[in-house]
Amino acid sequence: MKNYVKYTVAFALVAAALLYLVLSGFDGDKVYYLEVSELLTADKTELAKGLRVAGYVTENIAAIDRLNKVAKFEMSESPHGEGSVINCEYYGSIPDGLEEGASVVVEGSFDPSQNLFTAKKLLAKCPSKYEVEVPPGESAAAETISTGGNIQ
Amino acid sequence: MNIGQTVQFLGVITGIIAFASLIYAISIKSESIFKLARYLAALQTFFITLAVLALLHALVGSDFRFLYVASYTDRSLPLVYKLSALWAGQSGSMLFWSFLASICASVELFRLRSGSLNYQSYILMVIVFTATFFLFLCTAVTPLFEMLVFTPNDGRGLNPMLQNPGMMIHPPLLYIGFVGFTVTFAHAFSALCNHDVSSVWIKRTRIWTLITWVFLTAGIVLGAWWAYVELGWGGYWAWDPVENASLFPWITATAFIHAAIMYERKDKLRGWGFFLILITFELTIFGTFLTRSGIMTDSVHSFGESPLGMYFIFFIVLTEAAFLIIVFKNRGILEDKADFNFTSKEGVFFVGLLCFAALTIALIFYTMLPVFSELFGSKISMGQRPYNVVSVVFFTVIFFMASFAPALTYGETKSSQFLKTYIPAFILAVLITAFPIILGFTKAESVVLTFATSIMLSVFLITLVKSVYKAGIGILLKNKRYAGAVIVHIGLAILSYGVIYSAFYNTELEKNTSFSSVVNFGRYSVSVGELMQENTANYSSDYIPLYVETEGGFLTNLYPEIRMYNNNDHVYGEVAYYSLPRGDIYAILQGFDTKENLVSLKLIFQPLIIWIWVGSIMMCLGAIYAAIKR
């Protein structure tokens, strides 16, 4: 057999395996990722599947009980409680870092009639403050001084 | 402009002029212009180093006039973390990348100084271009030395979860593990531009590639270890996009190292060599992009939107196009002319490379699915299972290929010769696999994986024993590449056993109990003590001693805590764990209520997990040993 035939056969076998694996559905493992505002306007078919929503915990926290493993809080689309909000209930181990202003990702289902997201999974984001949180109305860039003496 | 901004600006200008000079020097074949370019490249390293020193000075001095210093440090932060804030923030890490790349350029300047103008120029061009790109990002796009109008009294500080030695060195390990591949890539580019596809560039970059691989391996494993000991969910890998971003170049770099062996020894798989180093280089850039651009909003590591994204895409497209064009121009000389055989070392290497590539494609596909799917409608995100499935499938095939390779020769192998090694190895593998089955670990996937790992391990052990028997123990000192490779693959097998058994057989118990009670957890009896408190300069801690014993008597005390740090009123759990060769006992204090006499505990047993860390260390040591020049 010529070289290129051997290569092609090998490629084809591996590609077929890859395609089969990747396209074989994994339906149960797919979740639809929506923003908070999209959640409120989603239709029934989308809501029927697993959902994943990212948002921010607002100041309206009903409960964070690590002992009894319950968290009930409000989630907003934007960092400072602006934009659409939903209520969220979670039963399970509470991760570190869950507090007002925290960036979170929840996975579960949504009931639009109650504006309630029931979360099976709750992830609080890696809190390394890689982005500086700037209070609304100010801009860190606008405050830059480009003159003003040497810093040494 | 302050000093930091000034030297950054000078660094960018120097880089641009150096790059232009190199192009000019090549086109008119001028040694003197080339000499100028070399000085400029060294000068750029000098400027970038000054910028790093300026930043460190500001960080250590808590100079809160700088936005960056105020964002990532505070006065009470221990000195080491003030220093490591250099890479904590986005723009600082861009400077750090640029610094590392520029150091690489200067090292190569020195190391290759007797090479030809053409050979050196293309190499320098690539590295200087990369260093200048990252410097440009932290100079002009997200300015590092930006100043505040009002100097705050104190900075924001570093989150306590990151005040951990592991988290401190995880970024630099990863960055060195990324940047080093720029050098190998630069040599590949130079070889193609000079129409020299002999294995010279492979040999020249072997040590760079291996040592970079060691740093990348260490960085990834350290990140996993940190997640395990710090985050308190009992696991070490969640297939989060940013975790995956560091893994992609690791897989392709591993594949490249194997292709490079064939390239060097037999001038085979050369196309693969070039392709894999290109992909590895681009994936290191892509990994930085994924981590820093904020594009993966459903990642627990995404750090917010930034304008850097477009610049990264531009860089990747430009460098990829340049490389592919030059590969295309050389396609005639890259073809493998000799006959190709699957029943040979190079044959199974080839299949292995296909599997590495396929696995990387699958993992990238799943990771980027939310971004791609959004273009076509709803954003879809994958859970963990698909990642695990593709990993299991492809690694099983890879391990079988790894088991064939030492037993095969170059060129077609006689089956009798192959079987002389493989049959004993097969028997040994069956015996090894039978052991956990007898102990009750009978899940089908774990049996298959254990067998694949064991057959790979057995072949390496048997060929090692045969080599030592034939040539004496001195062969391990004389042939360091061979000995190093054996150590790496044995370490890989050990790591794999750790992954398999912790993944498939971990057990968890969540229990609400009371103070001074006893909880039974498998073979362990855990006596819950009373509430204790400890105050340090940094934090106050509530903890409950757990007295752990087995049938054989006392084992250990565990002290899971809940801490409140002074400079923020956030509450953080501190995991307590105890490692045994058979596995780790891991305890999390989820909460307590003294009035109600309630303690909420989570106990986890992770079988064989310590062998993941042991195996990884072995892999790194083996690779270092193999990198030592004969």
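Note: hydrogens, waters and symmetry copies are ignored here, and every other heavy atom, side chains too, is used. Predicted, not measured: the structure shown is a model, and the values here were computed from it.
In this structure, A:Arg66 and B:Ser600 have side chains that are not in contact, with every pair of non-hydrogen atoms separated by 4.5 Å or more. Using a 4.5 Å heavy-atom threshold, the side chains of A:Ser93 and B:Gln590 count as touching.
Aromatic ring pairs are classed by plane angle as parallel below 30°, tilted from 30° to 60° and perpendicular above 60°; the pair B:Phe350 and A:Phe11 is perpendicular.
A distance of 9.5 Å separates CG of A:Leu123 from CH2 of B:Trp233, quoted to the nearest 0.5 Å.
Only the side chain of B:Asn512 comes within less than 4.5 Å of a heavy atom of chain A; its backbone N, CA, C and O stay farther away. Only the side chain of B:Phe342 has a heavy atom closer than 4.5 Å to any heavy atom of chain A. Proximity to chain A (any heavy atom under 4.5 Å) is shown, for B:Val351, by neither the backbone nor the side chain. When heavy atoms are compared at a cutoff of 4.5 Å, B:Val393 approaches chain A solely by way of its side chain, counted from C-beta outward.
Of the residues considered (B:Ser373, B:Ala358, B:Ser91, B:Pro386), B:Pro386 shows the highest number of contacts with chain A, using heavy-atom pairs under 4.5 Å. Looking only at heavy-atom pairs under 4.5 Å with chain A, the residue among B:Ile562, B:Val389, B:Leu601, B:Ile588 that has the most is B:Val389.
Salt bridge status for A:Lys69 with B:Glu510: present, with a side-chain N to carboxylate O gap under 4.0 Å.
In plain terms, the two heavy atoms of B:Val599 and A:Leu67 that are nearest each other are C-CD1, 4.0 Å. Nearest approach of A:Leu18 to B:Ala362, heavy atoms of both residues: CD1-CB, 3.5 Å.
Counting non-hydrogen atoms of neighbouring residues, nucleotides and ligands closer than 6.0 angstrom, the OH atom of A:Tyr7 exceeds 12 such neighbours.
The ring-ring contact (aromatic ring centres under 6.0 Å, His included) check on B:Phe64 picks up nothing, with sequence neighbours excluded.
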